[in-house]
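Below is one structure, written out as structure tokens; the observations come after it.
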Amino acid sequence: MLNLKFIQDNPELVVEKLKRKNFDASEIVAQIIELYQQKNKLQGQADQAKAEMNKISKEIGMMFKDGKHEEANAAKERTSELKENIKQYDTDFAAIEDKVYQLQVQLPNMPSDLVPAGRGADDNEIVKTGGEKPALQAEALPHWELAAKYNLIDFELGVKLTGAGFPVYRGKGAQLQRALINFFLAEATKAGYEEIQPPLMVNEDSGFGTGQLPDKEGQMYHVTEDNLYLIPTAEVPVTNIYRDVILDSKDLPYKNTAYSACFRREAGSYGKDVRGLNRLHQFDKVEIVQIAHPDKSYETLDQMVAHVEGLVQKLGLPYRILRLCGGDMSFTSALTYDFEVYSAAQEKWLEVSSVSNFEAFQANRLKLRYREDGVKKPQIAHTLNGSALALPRIVAALLENNQTPEGIKIPEALVPFTGFEMIN
RNA sequence: GGAGAGAUGGCAGAGUGGUCGAUUGCGGCGGUCUUGAAAACCGUUGUACCGAGAGGUACCGGGGGUUCGAAUCCCUCUCUCUCCGCCA
């Protein structure tokens, strides 16, 4: 959510910047400014009326105290009209405020100047490529066949237990999952992130705070009986730790990491692109979150990107880093880097991480602020997060890229966590 | 699931219709004192919006109502806690 005052003070800038997200904001911005002025005028009138009312009420109180009952009753008569007016002002005010809000939430976050122009995935900028694509023999198998061959993942069993998109990991498959989680958490801890074990369900306020609600309601599993939502990412509970808080600037940045299962309904997305582990309703992910000072948030973003890069490097996966173009980035992001790893048997790049700076967009909703030494008014902080990493596609790439006639080789960095070097 | 209690400022905790945005204590900040620190003492210490400013308005879990006037009374919703039951 963009700040109202900012929109009011910089209407052209907002419109101009949002063009890069292929969003025409001119109409909405104009309406917001118009309504904002009405709102302020109304507030002035309402406040004045209320001030008068408060004054009279106090006077009446004193009169009663002094035993001047007749005067007091006379004064009461003056209040009825004021009362009516105030009621009207309040109703109108609330209506305008609501309208402004409805418009305000339609505006996406402004992209950073680094964001390339573009419409879709093809326009993303490849900022870096690393690692070596493996040379597989001709009969290399896709990961879902490898998973079956070595009894690592049972997709059909998941269907029996729950439904499509809920695989069952077993044996070394399950152990590999656990090893990856521990490896990612260990790396994050080493990098100074405090580990969090968050609830896997959140309430409406939290869903709203990070922007899943009200718009993306359909993407989350909703437990209607208790009105709770299964989290689509640990970002939701972890970032909401900082909802409605005022931090001390000298404590910034706050760094948290969390492993969680993630639940996504992904309604309607079935087909050949979603085979195997490519897209699931439940998957595991380690997330990193930072709350940063606005002056430092891009530095922070670079650090987070470097952290994620370190992970894919240690796993020995061929990867590339994309800077998302205006048309492909999310509604809430100001700058996003996607990580893709190459899954050699599918011959496909798979997205395994998305690292974003939301600047003040989420923090505005969250009312997440910090106080600068000696400055009275709290300022809005910046929020960032990234996957570090999402497991399924990492597993897919590991299985496919590391397959040999003897079995699947575990990357060296992971062996201390798996306890085995080979799946065979 | 049954019974009860409660929700007030960073925390603790007063306040049952009127100068209450809210007593007090703790914590925080500033100062006096001290070689330094502690103690003691003095002062200060919420957020949002409007306003050039003076200042004004709103907020005592959310919403609604009664009243000239509500933290205080009424209705309603939500949440939390305690005890019992069940259970990991």
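Only a predicted model underlies this, so the values are computations on that prediction, with no experimental measurement involved. Residue numbering restarts at 1 for every chain, and letters A, B, ... go by the order of the sequence lines.
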- Determine, stepwise, if the pair L368(A) / I291(A) fulfils side chain to side chain contact (heavy atoms under 4.5 Å, CB included). CA-CA 9 Å; L368(A) 195 191; I291(A) 312 300; 3.8 Å; yes

If the [atom1] atom of [N] is compared with that of [M], how far apart are they to the nearest Å?
| N | M | atom1 | answer |
| --- | --- | --- | --- |
| rG51(B) | rU57(B) | P | 16 Å |
| rG30(B) | rC79(B) | C1' | 39 Å |
| rU8(B) | rC49(B) | P | 24 Å |
| rG4(B) | rA14(B) | P | 23 Å |
| rU82(B) | rG28(B) | C1' | 33 Å |
| rA37(B) | rC81(B) | P | 43 Å |
| rA22(B) | rG46(B) | C1' | 12 Å |
| rA48(B) | rG9(B) | C1' | 15 Å |

[N] pairs with, by Watson-Crick or G-U criteria that keep both distances under 3.5 Å:
| N | result |
| --- | --- |
| rG46(B) | rC59(B) |
| rU32(B) | rA40(B) |
| rU80(B) | rA5(B) |
| rC68(B) | rG18(B) |
| rG85(B) | none |
| rG10(B) | rC26(B) |

Rounded to the Å, how far apart are [X] [atom1] and [N] [atom2]?
| X | N | atom1 | atom2 | value |
| --- | --- | --- | --- | --- |
| H69(A) | rG18(B) | NE2 | C1' | 13 Å |
| E204(A) | rG62(B) | CD | C1' | 12 Å |
| E59(A) | rU19(B) | CD | P | 14 Å |
| N203(A) | rG62(B) | CG | P | 16 Å |
| D251(A) | rG10(B) | CG | C1' | 14 Å |
| N73(A) | rG69(B) | CG | P | 14 Å |
| D226(A) | rU78(B) | CG | P | 12 Å |
| I86(A) | rC68(B) | CD1 | P | 13 Å |

- Aromatic ring centroids of H307(A) and Y193(A) under 6.0 Å? yes

- Message: Ring centroids only, cut at 6.0 angstrom: are Y254(A) and Y242(A) within range, meaning strictly under it?
- Response: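 Centroid separation for Y254(A) and Y242(A): below 6.0 Å.
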
- Query: Is the H222(A) ring parallel, tilted or perpendicular to the Y229(A) ring (thresholds 30°, 60°)?
  - Reply: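 The rings of H222(A) and Y229(A) lie parallel, inter-plane angle below 30°.
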
- Task: Please work out which of the three classes, parallel, tilted or perpendicular, describes the rings of Y370(A) and H293(A), given edges at 30° and 60°.
- Result: tilted

- Does E187(A) come within less than 4.0 Å of K190(A), counting only side-chain N to carboxylate O? yes

- Task: Using a heavy-atom cut-off of under 4.0 Å over every strand shown, decide if I56(A) touches base, sugar-phosphate, or nothing.
- Result: nothing

- Note on the structure: Per-nt protein contacts along nucleotides 43-61 of chain B (heavy atom under 4.0 Å; B base, S backbone sugar-phosphate only, - none) come out as ----SSBS-----BSS---

- Message: Judged by each residue's nearest nucleotide on RNA chain B, which is more toward the 5′ side, A75(A) or K87(A)?
- Response: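 The residue whose closest nucleotide sits nearer the 5' end is K87(A).
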
- Do any pairs count as a salt bridge (charged side-chain N to carboxylate O under 4.0 Å, His left out) and have a residue in residues 103-121 of chain A, sequence neighbours left out, and if so which ones? K17(A)-D113(A)

- Using distance alone, with no hydrogens and no angle criterion, decide if R393(A) and S343(A) have a side-chain donor and acceptor under 3.5 Å apart. no

- Message: Quick test of your reading: applying side chain to side chain donor-acceptor pair (under 3.5 Å), list the pairs with at least one residue in residues 49-63 of chain A, sequence neighbours left out, ordered by first then second residue.
- Response: K50(A)-D90(A)

- Message: Any side-chain N or O of K83(A) below 4.0 angstrom from OP1/OP2 of rG69(B)?
- Response: yes

